[in-house]
Amino acid sequence: MTNQQTIRVRFAPSPTGYLHVGGLRTALYNFLFARKHGGTFVLRIEDTDRSRHVEGAIENLTATLRWAGLDFDEGPGKEGAFGPYVQSQRLELYRQYANELVDTGSAYPCFCSPEELDTMRQAQMERNERVRYDRRCRSLTPEEVDAKMAEGTSYVIRLKVPMFGDVAVNDIIRGNVTFQLNILDDQVLLKSDGFPTYHLANVVDDHHMQITHIIRGEEWLPSVPKHVLIYQALGWEIPQYAHLPLLLNPDRSKLSKRQGDVAVEDYRARGYLPEALVNYLALLGWSESKDREFYSMPELIEAFSLERVGKSGAVFDLEKLNWMNGQYFRNLPIEQRMELCRPFLEPAGYDIRDENRYRKIIEALTPRIQVPVEAREKAEFFFSKHVPEDETADVFLYSESGQKVVHLLLEKLKDIEDVTAERFSEILADAKSTLGVKGKYLFMPVRLALTGETHGPELPLIAEILGKEECLKRLQEELRA
RNA sequence: GGCGCGUUCGUCUAGCGGUUAGGACGCAGCCCUCUCAAGGCUGAAACACGGGUUCGAUUCCCGUACGCGCUACCA
């Protein structure tokens, strides 16, 4: 780890159409590691599965990474010395190495059809044997191979995995891990459609892009021996590995859709702050030894180290993310809070054209908003009133004392030209002394009449925002008999 | 099934042989308060189990259990 060469890391997602929060964390750790050590952060698109091609996925991915503040140094749209950075544009390179591996005896063509393989697996299962490729094509003679080729039989290229021995790597996070080779299948390296599999493309690119540290999810740990074998067969240096603990669903299975939102854009769409998401994600699996919760990106870069990444999976806790987002939200200047909530209020048909009034609404709502999307329902009563129907209304609003309060307020409000929070407080104080009603018997009828709700921001604030006319109208509506 | 990885409060974690096992989210209570939040304070809540090693194990070693991941011409 203390070598002189420049550190180069990469985030290598497959373009599925959206960025997974687990992916974002992997990208983040790569990014932090690169920035911390003055290295280079590469984005590489692993689109070797033609059947999974998603239109616009790359643009979406880069846009989301940019939103999160993870700018890559090299990648699609930002060509460096090692491009292209999209694997489907590097097919020739993989083919070349697949052939080299065949030529040097480290790999071999396999002509088994999917149907054939399926039959083989069925038979193995019936005999209760381990399901694996039986290597029937491994012992084909050159003549047999030539004959098949001449026939035009489609084929794949498989890695010739040694029958015995083992492979050991020293993972930065997990320490020494050893794998027995005899249980390994002869991996397909090049598919019959000429595309490489993940294993080949990944190794070839990591080498060609001079990646020094492979920081990726733990789900890749079992493929390490396959990759090491390819590095060795090609005579290449093996990079450092760091396998990150998985992000988990509340039931501790690997974080997935169906158990909540996993697409970063889902969070973005709800108004989550990238700083909060990044801060939260950074702490899922990594921590400085201190009791510290809040980190800006520069602070993360300063504090981050792979050695302090944990080993066990971390449950993605939405509650804590929400709390953290609320913390960030409240610390924002009012203008930013207004901008963040705007996209949720305008579509709801709320009239927030009066900037001054809108500002007051957001100020009043801020303490009870964790995520901007919540602003819509929290602000609703400012724009339309629910009829208070529950028993609370009967007790406080439609009771004799409640009606008296409403009456008095109506009278008092008529006399003033403008409702300010201050004026309204005075009026309430007046009502308290003239009627001898206090506490919730004073406030609740007003709150219910004004908002239709039993809870919300401070009443004087609400009254000021509603304005005189609206206050009068809403109070009037609640007058009975 | 095989292989691999993992295991401190419900959750995220600190701890790197001797601690009242600390912090955060959440939860409960109290304060504030018309209410709901926010904020402040307080509290309940954890070392998976069994063997070693050691004067002494949450910490080191070995098992067991449990969990998760991988086991495709997907990544």
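Order of the sequence lines sets the chain letters (A, B, ...), proteins ahead of strands, with each chain counted from 1.
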Over all strands shown, is A/Arg158 touching base, sugar-phosphate only, or nothing at heavy-atom distances under 4.0 angstrom? sugar-phosphate
Is any side-chain nitrogen or oxygen of A/Arg292 closer than 4.0 Å to OP1 or OP2 of B/C12? no
Integer-rounded Å distance: B/C34 P and A/Phe424 CZ: 14 Å
In terms of side-chain heavy atoms of A/Gln370, which of B/C73, B/G26, B/C74 is nearest? B/G26
Does any non-hydrogen side-chain atom of A/Leu321 lie less than 4.5 Å from one of A/Phe316? yes
Between B/C12 (C1') and A/Leu283 (CG): distance, integer Å: 8 Å
Spacing between A/Glu293 atom CD and B/A14 atom P, to the nearest angstrom: 12 Å
Using both distances under 3.5 Å as the test, list the Watson-Crick or G-U wobble partner of B/U53, or none. none
Without decimals, in angstroms, what is the distance between A/Trp286 CH2 and B/A24 P? 17 Å
side-chain hydrogen bond (donor to acceptor under 3.5 Å, both in side chains) evaluation trace for A/Ser88 with A/Asp47: CA-CA 6 Å; A/Ser88 58; A/Asp47 59 342; 2.6 Å; yes
Residues of residues 51-58 of chain A with a heavy atom under 4.0 Å from any atom of RNA chain B, listed by number, are A/Arg52
Write down the partner of B/G67 under the Watson-Crick or G-U wobble criteria, each distance required to be under 3.5 Å. B/C5
Using a heavy-atom cut-off of under 4.0 Å over every strand shown, decide if A/Gly439 touches base, sugar-phosphate, or nothing. sugar-phosphate
For residues 162-192 of chain A, the ring-ring contact (aromatic ring centres under 6.0 Å, His included) pairs (sequence neighbours left out) are none
What does A/Val315 touch in the nucleic acid at a heavy-atom separation under 4.0 angstrom: a base, only the sugar-phosphate, or nothing? sugar-phosphate
Applying a 4.0 Å non-hydrogen cut-off, can you work out what A/Gln180 is touching in the nucleic acid: base, sugar-phosphate, or nothing? nothing
So A/Leu190, base contact, sugar-phosphate only, or nothing? Heavy-atom distance under 4.0 Å. nothing
Going by salt bridge (Lys or Arg N to Asp or Glu O under 4.0 Å), name the residues that satisfy it together with A/Lys148, two or more places apart in sequence or in a different chain. none
Write down the distance between CG (A/Asn182) and C1' (B/G4), rounded to a whole number of angstrom. 14 Å
Show me the donor-acceptor pairs, under 3.5 Å and distance only, between side chains in residues 369-377 of chain A and residues at least two apart or in other chains.
unit_1, atom_1, unit_2, atom_2, d
A/Glu374, OE1, A/Gln370, N, 2.8
A/Glu374, OE1, A/Val371, N, 3.4

Can you find a side chain N or O atom of A/Lys191 that sits less than 4.0 Å from OP1 or OP2 on B/C74? yes
B/U19: pairing nucleotide in any strand, Watson-Crick or G-U under 3.5 angstrom: none
What is the separation between atom CE on A/Met125 and atom P on B/U71, rounded to the nearest whole Å? 15 Å
Just checking A/Val446: base, sugar-phosphate only, or nothing, at a heavy-atom cut-off of under 4.0 Å? nothing
Which base, if any, makes a Watson-Crick or G-U wobble pair with B/G43, both distances under 3.5 Å? B/C27
Sugar-phosphate only, base, or nothing, as touched by A/Gly285 at under 4.0 Å among non-hydrogen atoms: sugar-phosphate
Which of B/C34, B/A14, B/C73 is nearest the side chain of A/Ser289? It is B/A14
A/His208 and A/Tyr94 aromatic centres sub-6.0 Å: no
A/Arg447 (side chain) and B/C34 (base): donor-acceptor pair under 3.5 Å: yes
Across all strands shown, which nucleotide pairs with B/U58 by Watson-Crick or G-U wobble geometry, both distances under 3.5 Å? none
Counting any heavy atom closer than 4.0 Å, what does A/Ser312 reach on the DNA or RNA strands: base, sugar-phosphate only, or nothing? sugar-phosphate
Nucleotide nearest A/Leu117 when distance is taken to its side chain, options B/C36, B/C73, B/A75: B/C73
Select base, sugar-phosphate, or nothing to describe what A/Arg308 touches, counting heavy atoms under 4.0 Å on all strands. sugar-phosphate
Rounded off to whole Å, could you give me the CZ-to-P distance for the A/Phe381 and B/U35 pair? 16 Å
Which base, if any, makes a Watson-Crick or G-U wobble pair with B/A72, both distances under 3.5 Å? none
Is A/Arg50 near enough to B/A75 that one of its side-chain N or O atoms lies under 4.0 angstrom from OP1 or OP2? no
Atom pairs under 3.5 Å, N or O on each side, protein against nucleotides 63-69 of chain B: can you list them with distances?
unit_1, atom_1, unit_2, atom_2, d
B/G69, OP1, A/Lys254, N, 3.2

Within residues 319-332 of chain A, find the residues that approach RNA chain B with a heavy atom at under 4.0 Å, and present them sorted by residue number. A/Glu319, A/Lys320, A/Trp323, A/Gln327, A/Arg330
